[in-house]
Number of protein chains: 2
Amino acid sequence: MSADLTRNQALVMKTLSGAGAPLSAYTILDRLRDDGLRAPLQVYRALDKLTEMGLVHRLESLNAFVACAHPNCHEQELIAFAICENCGKVEEFSDQVVKDRLDGWARNHRFKAAKTTIEIRGDCGRCEVKS
Amino acid sequence: MSADLTRNQALVMKTLSGAGAPLSAYTILDRLRDDGLRAPLQVYRALDKLTEMGLVHRLESLNAFVACAHPNCHEQELIAFAICENCGKVEEFSDQVVKDRLDGWARNHRFKAAKTTIEIRGDCGRCEVKS
DNA sequence: GAACAAATGTTATGACATTACATATCCTTG
DNA sequence: CAAGGATATGTAATGTCATAACATTTGTTC
Ligand SMILES: [Zn+2]
Ligand SMILES: [Zn+2]
Ligand SMILES: [Zn+2]
Ligand SMILES: [Zn+2]
């Protein structure tokens, strides 16, 4: 199925997987200087491919990227993200009812959805910050 | 209720209302040069206040801003946006079921939501492009 | 191995957003 | 009214995110 990754794609994927939290393209670049990467485009091109493959998600409200938590699991699903503003952790989930409701709205309004973004910003349970 | 707008806030609001589509902060700035605005910050500060007041929404997937279609109507609602990638038009809607499902997920995971983004990108009915 | 597609390298530039600091305006209250 | 505080403004500089354009290399197919 998913073809082997190229060198740059593998480097970017490894960086994101190891981070455990979203990273900006430029942060990824900084962490890969020693591996020979020098220009933003090298990272953006790898991110584009990885996103197409479903291995990486772009978080629109953060302008950042995160490794998929369930690779190859939810190819066609509508994915929602819960993003902790305190620790940076991201949880992915799907909800068929939400998907059905949004699909229904689109159908009723003759809107042809291409991509849907659902992102919840807030504080995760583990982060009950000592006020 | 919503206090009077300051000069800069009124200028930005008028520009956004008249546009009928989302505008970037820099586009707004360009359209207000003749009114004396010169720096991005003047626009961003006005946008911040207008957003707080609920008169303007930020579209995360576009890095742009749009005048609220139903001012003072949905103060506390979860708002979803359907954004046409062809004509730029944005439709706002609320769905209580979607809100309940997302609230339920958050409750179950002890996630304290601060702000939720729902944006559907696609093509609106009016835009059935001549292929 | 010629031809084509895909990936890479590099420079420059464009687009979006904030920091830092100075000044002005409004509004309260003694 | 003067003093003080809160809010709004003006301005320059800088930081952050993303793509255009072009040259080169690598891999695949016939
Ligand atoms: Zn995923
Ligand atoms: Zn957290
Ligand atoms: Zn609205
Ligand atoms: Zn349209």
Side-chain angles (χ1 to χ4, degrees), chain A residues 1-16 19 21-53 55-66 83 85 88 90 115 117 119 121, chain B residues 1-16 19 21-53 55-66 83 85 88 90 115 117 119 121:
Chain A
M1 28 161 312
S2 78
D4 287 332
L5 301 181
T6 66
R7 173 185 148 82
N8 287 0
Q9 287 161 15
L11 286 169
V12 168
M13 191 66 222
K14 188 171 152 225
T15 304
L16 265 183
L23 298 179
S24 77
Y26 277 74
T27 301
I28 295 169
L29 176 58
D30 284 343
R31 298 193 183 179
L32 290 174
R33 297 268 180 206
D34 292 344
D35 295 285
L37 292 215
R38 302 159 154 272
L41 248 199
Q42 295 175 290
V43 173
Y44 280 108
R45 286 199 277 228
L47 286 169
D48 282 349
K49 293 296 180 187
L50 292 168
T51 301
E52 276 175 21
M53 295 178 203
L55 299 176
V56 162
H57 302 293
R58 172 178 169 81
L59 300 175
E60 301 288 352
S61 68
L62 246 41
N63 291 334
F65 303 83
V66 68
I83 305 166
E85 309 205 288
V90 174
K115 172 156 197 277
T117 299
E119 297 180 12
R121 308 277 298 267
Chain B
M1 29 163 313
S2 76
D4 288 331
L5 302 181
T6 67
R7 173 185 149 81
N8 288 0
Q9 287 161 16
L11 286 169
V12 168
M13 192 66 222
K14 189 171 152 225
T15 304
L16 265 184
L23 298 179
S24 77
Y26 276 76
T27 300
I28 295 169
L29 176 57
D30 284 342
R31 299 194 182 177
L32 290 174
R33 297 266 180 208
D34 292 345
D35 295 285
L37 292 216
R38 303 163 151 273
L41 201 49
Q42 295 175 291
V43 173
Y44 280 109
R45 285 200 278 227
L47 286 170
D48 282 349
K49 293 296 181 187
L50 292 168
T51 300
E52 277 176 20
M53 294 179 204
L55 299 176
V56 162
H57 301 292
R58 172 179 168 82
L59 299 176
E60 301 288 353
S61 68
L62 246 41
N63 290 336
F65 302 84
V66 68
I83 305 166
E85 307 204 290
V90 174
K115 174 156 195 276
T117 299
E119 297 179 13
R121 307 279 298 268

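Throughout, a chain's letter reflects where its sequence line sits, starting with A, and its residues are numbered from 1.
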ring centroid sep under 5.5 Å plus plane angle under 30, B/Tyr44 with C/dT18
no
Touch check for B/Arg38, heavy atoms < 4.0 angstrom, all strands: base, sugar-phosphate only, or nothing?
sugar-phosphate
If you measure from CD on B/Glu119 to OG on A/Ser61, what distance do you get to the nearest 0.5 Å?
9.0 Å
Enumerate the salt bridge (charged side-chain N to carboxylate O under 4.0 Å, His left out) contacts for residues 31-46 of chain A, please, sequence neighbours excluded, ordered by first and then second residue.
A/Asp30-A/Arg33
Considering only side-chain heavy atoms of B/Gln9, which listed nucleotide, C/dC16, D/dA8, C/dA7, is closest?
D/dA8
Euclidean distance, atom CG of residue A/Leu62 to atom P of D/dA18 [Å, nearest integer]
11 Å
How many whole angstroms separate atom CG of A/Leu23 from atom C1' of D/dC17?
14 Å
Mind calculating the distance between CZ (A/Arg45) and C1' (D/dA18) to the nearest angstrom?
13 Å
For B/Asn63 and C/dA17, is the shortest distance between a side-chain N/O and OP1 or OP2 below 4.0 Å?
yes
OP1 or OP2 of C/dA7 sitting under 4.0 Å from any side-chain N/O of A/Asn8?
no
Side chain of B/Ala39, heavy atoms from C-beta onward: which of C/dA7, D/dA21, D/dT11 has the nearest atom to it?
D/dT11
Of the listed C/dA17, D/dT9, D/dC17, the closest approach to the B/Phe65 side chain comes from C/dA17
Between the CG atom in B/Leu16 and the CG atom in B/Leu50, the distance rounded to the nearest 0.5 Å is 8.0 Å
Specify the separation, in whole Å, of atom CG of A/Leu5 and atom C1' of D/dG27.
16 Å
Figure out the CG/C1' separation between A/Leu37 and C/dT8, and round it to whole Å.
10 Å
Result for side-chain hydrogen bond (donor to acceptor under 3.5 Å, both in side chains) between A/Arg58 and one of A/Thr117, A/Thr51, A/Asn63 points to A/Asn63
Does C/dG9 have OP1 or OP2 sitting under 4.0 Å from an N or O in the side chain of A/Gln42?
yes
What integer distance in Å separates B/Asp48:CG from D/dT7:P?
15 Å
Has B/Thr6 got a side-chain N or O lying under 4.0 Å from the OP1 or OP2 atom of D/dT9?
yes
Less than 4.0 Å between a side-chain N and a carboxylate O, is that true for A/Glu60 and A/Lys115?
yes
Whole angstroms only, please: what is the NZ-C1' distance between A/Lys49 and C/dT8?
12 Å
Nearest to the B/Leu41 side chain among C/dT19, C/dG9, D/dA18, which nucleotide is it?
C/dT19
Roughly how many Å is it from CG in B/Asp35 to P in D/dT9, rounded to a whole number?
13 Å
Distance test, side-chain N/O of B/Arg7 to OP1/OP2 of D/dG10, below 4.0 Å
no
